[in-house]
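Each remark here refers to the structure printed beneath this line.
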Amino acid sequence: MFKEIPLQRPNTPLLDRITAPADLRGQSEESLSALAKELREYLLYTVGRTGGHFGAGLGVVELTLALHYVYNTPEDRLVWDVGHQCYPHKIITGRREQMHTMRMADGLAGFPKRAESDYDTFGVGHSSTSISAALGMALAARQKGEDRRTVAVIGDGAMTAGMAFEAINHAAHCRANMLVVLNDNQMSISKNEGGLNTYFSKIWASKVYNNIRDGGKEILAKLPGNPKELVGRLEEYMKGMVAPATLFEELGFNYIGPIDGHDLDVLVPTIRNMRDLEGPQLLHIITRKGKGFEPAEKDPIGYHAITKIEPKPAQPKPVTKPKGPKYQKVFGDWLCDTAAIDQRLVGITPAMCEGSGMVEFSERFADRYYDVAIAEQHALTLAAGMACEGLKPVVAIYSTFLQRGYDQLIHDIALQNLDVTFGIDRAGLVGEDGPTHAGAFDLSYLRCIPNMLIMAPSDENETRQLLYTGFCFNGPAAIRYPRGTGPGALIEREMRELPIGKGVLKREGKSVAILSFGTLLPAALEAAEKLDASVADMRFVKPLDEELILRLADSHDLIVTLEENAIAGGAGSAANEFLHATSRNNPVLNLGLPDEFTDHGNHTEMLASCGLSSEGVYSAICERLQQSDLKAAVHKS
Ligand SMILES: Cc1ncc(C[n+]2csc(CCOP(=O)(O)OP(=O)(O)O)c2C)c(N)n1
Ligand SMILES: CC(=O)[C@@H](O)[C@H](O)COP(=O)(O)O
Ligand SMILES: [Mg+2]
C-alpha cells in the first residue's frame with residue numbers, strides 16, 4: 001500500500017520489458033502480480049507529474065493486465081467506458097515513455113483516442129457508450145466472418161445511464177459474442193446513487209452470503225475493502241437473502257460474479273474461461289477506486305482526479321494575487337442563497353455534485369437536492385415533471401453533458417414552456433479534458449429552440465445576477481459559464497433581476513464596435529483600448545439587445561462579435577441574422593471557436609490558438625480593417 005506519490009521514477013524492470021501486450025502475453029501468469037505492483041507504482045509516479053484522472057486507473061491495474069493477457073488485443077477489441085481509467089492501458093500499450101505528456105498540448109489524450117493507438121479501439125470521454133460500441137464491433141465481426149472477440153469495461157456509475165441498458169437489451173437479442181466487465185467499486189465521482197447500486201450490493205452480499213453459508217469464508221478475505229465495511233454491508237442483507245437470478249441473466253446475459261477484481265489468480269482464469277463462451281457474457285468484478293494508494297482509497301471522491309504534485313520550491317513562491325472563486329462556487333453560493341428565500345427551488349445534478357459546486361446545497365437542503373446518477377436525459381424530464389407541479393427546478397449540468405439531454409430540453413421543457421433553470425458549467429473550452437468535454441456548442445444548440453432565455457455572463461457577479469434573473473424568469477432559462485475561476489469581480493450579495501434582453505455599453509469608441517457575449521470581455525476591452533473601439537457586454541444571446549445593436553451599427557463601421565462558443569450558429573450568428581433582417585450592411589467579423597474539434601491542452605494556450613486572446617482579437621480586427629471594404633470607411637471617419 002503506497003502512502004505517498006513517488007517523486008522519482010520507480011525501478012520497474014518487469015514493466016520496462018512491456019512495450020506492447022504481446023510482450024505481456026509472453027510473461028508467465030505467475031509474474032503478473034509483481035508486474036501489477038510495478039505498473040501501479042509507475043502510474044502513481046506519472047500521474048503525480050502530470051495530474052489527471054487518478055482513482056479509477058488505480059482501480060483497474062489488475063483488470064487491465066488480465067484483459068490484455070487473455071485477449072489478443074488489438075485484434076480482439078477492448079472498449080473502455082468513460083476512459084478516465086485508461087492510463088494503465090496506455091502504459092502497457094506502447095505509451096509508457098509518453099506518460100509525462102499526459103493531457104498536454106501535442107501529448108497523450110486523457111481518454112482513449114483512435115488516432116493515438118490501435119489499442120484505443122473507440123474514442124470515449126462521455127460515459128455509457130462502451131457496450132453499444134463493443135456490440136457494434138462484435139456484430140461487424142460476425143457479419144464479416146472475422147473470429148475476434150470484443151470486451152466492454154463499464155463502471156457501476158456508467159451503468160446507471162439509460163444508454164447502457166439500451167445496449168444490454170440489444171446485445172441479448174443479438175446473442176452477440178462479447179464480454180461486458182462491470183467494474184463495481186460502489187463509486188461514481190461521488191458515492192454511486194440509486195437502486196442499481198443497491199442491487200449490485202445485494203448480488204455481492206448474496207453471493208458472498210451463500211459462499212459463507214457453504215463455508216467459503218476465504219472468499220470474504222479475498223474481497224477488497226476493509227472487513228468492517230464488508231461485515232456492515234453483509235449484515236444489511238443477511239436476513240433471508242436468496243441469491244437473485246441477476247437482472248442480467250434475466251435479460252439474456254450469462255452472468256458471472258462477483259469476483260475480486262484485484263486478484264489476478266481469480267481474474268485471469270475467469271476471463272479466460274469466459275472468452276470463448278458463446279453469446280453475451282457479463283463479468284461482475286468488485287474493485288476499490290484508488291486501490292493501492294491509501295489516501296485515494298480513503299477519499300475516492302477527492303482523488304477522482306489530481307493536479308500535478310509540484311516539487312517543493314527551493315525559494316518561497318512569489319505571492320500572487322489570490323484568484324477569485326471558481327464559477328462552480330459562484331453557482332453553488334447562488335443556489336443556496338436562492339433556496340433559502342424560495343422554497344420552490346430544487347437542485348438537480350446528473351452525478352456531478354462536486355464539479356457543479358453543489359456539496360453545500362446537498363447538505364443544507366438535502367430534501368431539495370437530487371443526484372440522479374449519470375442520467376442526463378432523466379434529469380431534464382424529472383425537472384419538467386417537477387415544474388409542472390409548481391416547483392422551480394435548477395438543473396446543474398456541464399455544457400458537454402447537456403448534449404445528452406437535447407431532446408428532453410426541446411420536447412419536454414421548451415415546447416411546454418416549463419419553468420426550468422439551467423446552470424450550464426464548463427461552457428467553452430475546458431483545457432486538459434479536450435474535445436470530448438468542451439462546452440463548445442451550447443449557444444448554437446440552444447439558440448434555435450423557441451421559448452429559451454439564454455444568458456452569457458462576463459464575470460462572477462454577472463453570473464450570480466443572471467442566474468437570479470433566469471430563476472425569476474417564468475420559463476426555460478440557461479446561464480452558461482466556464483470552468484475554473486473568473487477575473488475576480490466583486491460579487492454583490494444582493495441578487496437583482498436584470499432587465500431581460502438588455503446589454504451594457506462598457507466602452508465608447510468609434511469605427512469598430514465589439515459585441516462581447518460572455519467571459520471573453522477582458523480580451524475585448526484590451527483590444528478596444530488599442531483600437532479606440534466601442535465594447536458592449538451583451539449579457540443576453542436570446543433575446544438580443546436589438547436596440548443596442550442598431551445604435552452601434554448605425555454609428556460604427558465594423559461590427560465584431562466575440563464568444564467562447566462555436567462561431568457556427570453561435571451568438572455572432574444571431575447578431576448577423578438581426579443585422580441582415582434590419583437591412584444593416586455593416587461589415588461583420590465573428591470571432592469564436594472554429595469549425596473543428598480543438599485538441600486538449602492548457603486552456604489559455606488553446607484560446608490563443610483559436611485567436612481568442614486579446615492579442616488575437618486585436619490582430620483579427622486589424623486584419624479585417626485592412627480589407628478594401630473598410631479601408632475607405634476608416635479613412636472617411
Ligand atoms: C455522459 C457523462 N456524464 C457524466 C460524466 C462525468 N463522469 C466521468 S467519470 C464519472 C463517474 C463514472 O463512474 P464509474 O463508471 O463507476 O467509474 P469509476 O470512476 O468508478 O471507475 C462521471 C459521472 C461523463 N464522463 N459522461
Ligand atoms: C471523466 C469525466 O468526465 C470527469 O471526471 C470530468 O473530467 C470532470 O471534469 P472537471 O474536472 O471539469 O470537473
Ligand atoms: Mg464506479
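First listed ligand is number 1; within each ligand, the first listed atom is number 1. What's counted below: heavy atoms across the whole structure, side chains too, no hydrogens, waters or symmetry copies.
- The residues E62 and K291 are annotated as not salt-bridged, no charged nitrogen and carboxylate oxygen being separated by less than 4.0 angstrom.
- Residue contacts with ligand 2: H126 is excluded, as none of its non-hydrogen atoms falls under 4.0 Å.
- Side chains of H126 and T400: a donor-acceptor N/O pair is present below 3.5 angstrom, by distance only.
- Numbered from 1 in the order shown, with element, the atoms of ligand 2 that lie under 4.0 Å from a heavy atom of D433 read 6 (C), 7 (O), 8 (C), 9 (O).
- Annotation for ligand 1: atoms under 4.0 Å from non-hydrogen atoms of N185 are 18 (P), 20 (O), 21 (O).
- Backbone and side-chain nitrogen or oxygen atoms of D156 are examined, and one is located within less than 3.5 angstrom of a nitrogen or oxygen of ligand 1.
- Residue E376 has at least one heavy-atom neighbour below 4.0 Å for each of these atoms of ligand 1: 1 (C), 2 (C), 3 (N), 4 (C).
- Of the heavy atoms in V82, only side-chain atoms (C-beta onward) come closer than 4.0 Å to ligand 2.
- Proximity to M352 (heavy-atom distance under 4.0 Å) selects the following atoms of ligand 1: 6 (C), 23 (C).
- Those atoms of ligand 1 with a heavy atom of G125 less than 4.0 angstrom away are 24 (C), 25 (N).
- Residue N185: an N/O/S atom is found under 2.8 Å from the Mg ion (ligand 3).
- Those atoms of ligand 2 with a heavy atom of F111 less than 4.0 angstrom away are 1 (C).
- Evaluated by nearest non-hydrogen atom to atom 5 (O) of ligand 2, the leading choice among M352, H304, H84 is H304.
- In this structure, the side chains of E166 and S132 stay at 4.5 Å or more apart for every pair of heavy atoms.
- Here is the list of ligand 1 atoms found below 4.0 Å of a heavy atom in G155: 14 (P), 15 (O), 16 (O).
- In this structure, Q85 has no heavy atom closer than 4.0 Å to ligand 1.
- With the Mg ion (ligand 3) as the vertex, O of M187 and OD1 of D156 span 100° to the nearest 10°.
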